[in-house]
Amino acid sequence: PIPLAGPELDNMQKLYAWLQKKGDVRFRKFRVGELGQIAMQRDGARYADSFGIRNICGNGKIALADGGIRDLYAGFEGQWLNENAMSLGMVMKYGPFRFFTGGDFSDKAPALQGRPQVEIENELGPQVGPVDVCKINHHGHHSMPDGFVKAVRARVYVGCVWDQLH
């Protein structure tokens, strides 16, 4: 949803087009709220009750437990948005084990037409629910507010860092 331009994007699009033409890769749009877009290729039916991946967030939207989708940036069309909130996130289940990863998912959506500022991670946390392992959002940099951490209640947090601020 954020317009991007530049040589890096042009080069990436050329690579993707070449890979697609060769038949080495197929692209599918990540569908927020889907359970099963990413699935086992072998014995999937056998493990359907114990294995699953739910697409929980992407492009500023989060999947709600009741099956709905919440657009955290409704009303902001045409304005600059923080790309971190556009990160794709999923909850993976394997037996009793649950893992959440949401990339750089973090932001404070500005107040809009009487709506207060929204800490989007606190909106996502209850939809993720308790997990065993949580990949830290946005390298732990200006992220992981109390509401999110209390909702996911992970036993283990994993951080991906590459900068001294992380």
Side-chain angles (χ1 to χ4, degrees), residues 1-2 4 27-77 79-113 115-163 165-166:
I2 298 174
L4 298 173
F27 293 95
R28 308 236 170 148
K29 183 175 179 164
F30 185 88
R31 297 185 305 266
V32 174
E34 285 284 321
L35 176 63
Q37 181 177 5
I38 302 170
M40 281 190 174
Q41 294 296 302
R42 192 176 335 166
D43 295 332
R46 180 176 170 194
Y47 296 103
D49 291 337
S50 63
F51 177 84
I53 297 175
R54 182 169 186 233
N55 299 348
I56 195 89
C57 64
N59 292 330
K61 297 175 176 70
I62 58 174
L64 305 176
D66 67 6
I69 304 291
R70 178 165 179 214
D71 185 346
L72 298 165
Y73 293 96
F76 287 93
E77 292 77 14
Q79 297 181 39
W80 183 89
L81 301 174
N82 183 337
E83 80 278 4
N84 291 337
M86 304 302 139
S87 293
L88 305 179
M90 48 193 114
V91 177
M92 301 169 196
K93 174 184 86 163
Y94 186 66
F97 176 80
R98 289 178 38 109
F99 171 75
F100 165 75
T101 180
D104 279 353
F105 192 85
S106 62
D107 193 20
K108 290 177 178 53
L112 176 70
Q113 301 166 349
R115 181 184 82 183
Q117 183 180 40
V118 176
E119 176 65 74
I120 66 171
E121 289 174 274
N122 286 341
E123 300 298 313
L124 178 63
Q127 308 312 317
V128 170
V131 296
D132 297 288
V133 178
C134 175
K135 186 260 177 208
I136 295 172
N137 296 325
H138 195 224
H139 318 282
H141 184 69
H142 299 296
S143 64
M144 305 298 289
D146 290 346
F148 179 83
V149 173
K150 286 177 184 173
V152 300
R153 300 191 316 252
R155 294 182 307 147
V156 176
Y157 291 88
V158 178
C160 304
V161 299
W162 61 273
D163 185 282
L165 295 176
H166 300 160

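- In this structure, Gln37 contributes its side chain and Arg31 its backbone to a donor-acceptor pair below 3.5 Å.
- Taking Arg54 as the reference, nothing meets the salt bridge (Lys or Arg N to Asp or Glu O under 4.0 Å) condition, with sequence neighbours excluded.
- Checked against the 6.0 Å centroid criterion, the rings of Phe148 and Phe100 qualify as a close aromatic pair.
- Of the possible donor and acceptor atoms, one in the side chain of Arg98 sits under 3.5 Å from a partner among the backbone N and O of Pro130.
- Formation of a donor-acceptor pair under 3.5 Å by the Lys61 side chain with backbone atoms of Tyr73 is not found in this model.
- In this structure, Lys135 contributes its side chain and Gly103 its backbone to a donor-acceptor pair below 3.5 Å.
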I'd like to know whether Ile56 forms a side chain to side chain contact (heavy atoms under 4.5 Å, CB included) with Phe105, so could you lay out the CA-CA distance, the side-chain angles of the two residues, the decisive distance to 0.1 Å, and finally the verdict. CA-CA 11 Å; Ile56 195 89; Phe105 192 85; over 6 Å; no
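- Annotation for Asp43: atom CG counts as buried by contact number, over 12 foreign heavy atoms lying within 6.0 Å.
- For Tyr94, the OH atom counts as loosely surrounded, since its 6.0 Å shell holds 12 or fewer non-hydrogen atoms of other residues, nucleotides or ligands.
- Contact annotation: the side chain of Ile38 never approaches that of Met92 to less than 4.5 Å [non-hydrogen atoms, C-beta and beyond].
- Put simply, the side chain of Asp107 does not reach to within 4.5 Å of the side chain of Asn84, judged on heavy atoms.
- Contact record, Met144 with Val149: O-CG2, 3.6 Å, taken as the closest heavy-atom pair.
- Side-chain N or O atoms of Ser106 include none that pairs as donor or acceptor with a backbone N or O of Ser143 at under 3.5 Å.
- Looking at Val32 and Asn59, their side chains never come closer than 4.5 Å, going by heavy atoms from C-beta outward.
- Under 4.0 Å is where a charged nitrogen must lie from a carboxylate oxygen, and between Arg155 and Asp132 at least one such pair does.
- Contact check for Val133 versus Phe97: side-chain heavy atoms found under the 4.5 Å cut-off.
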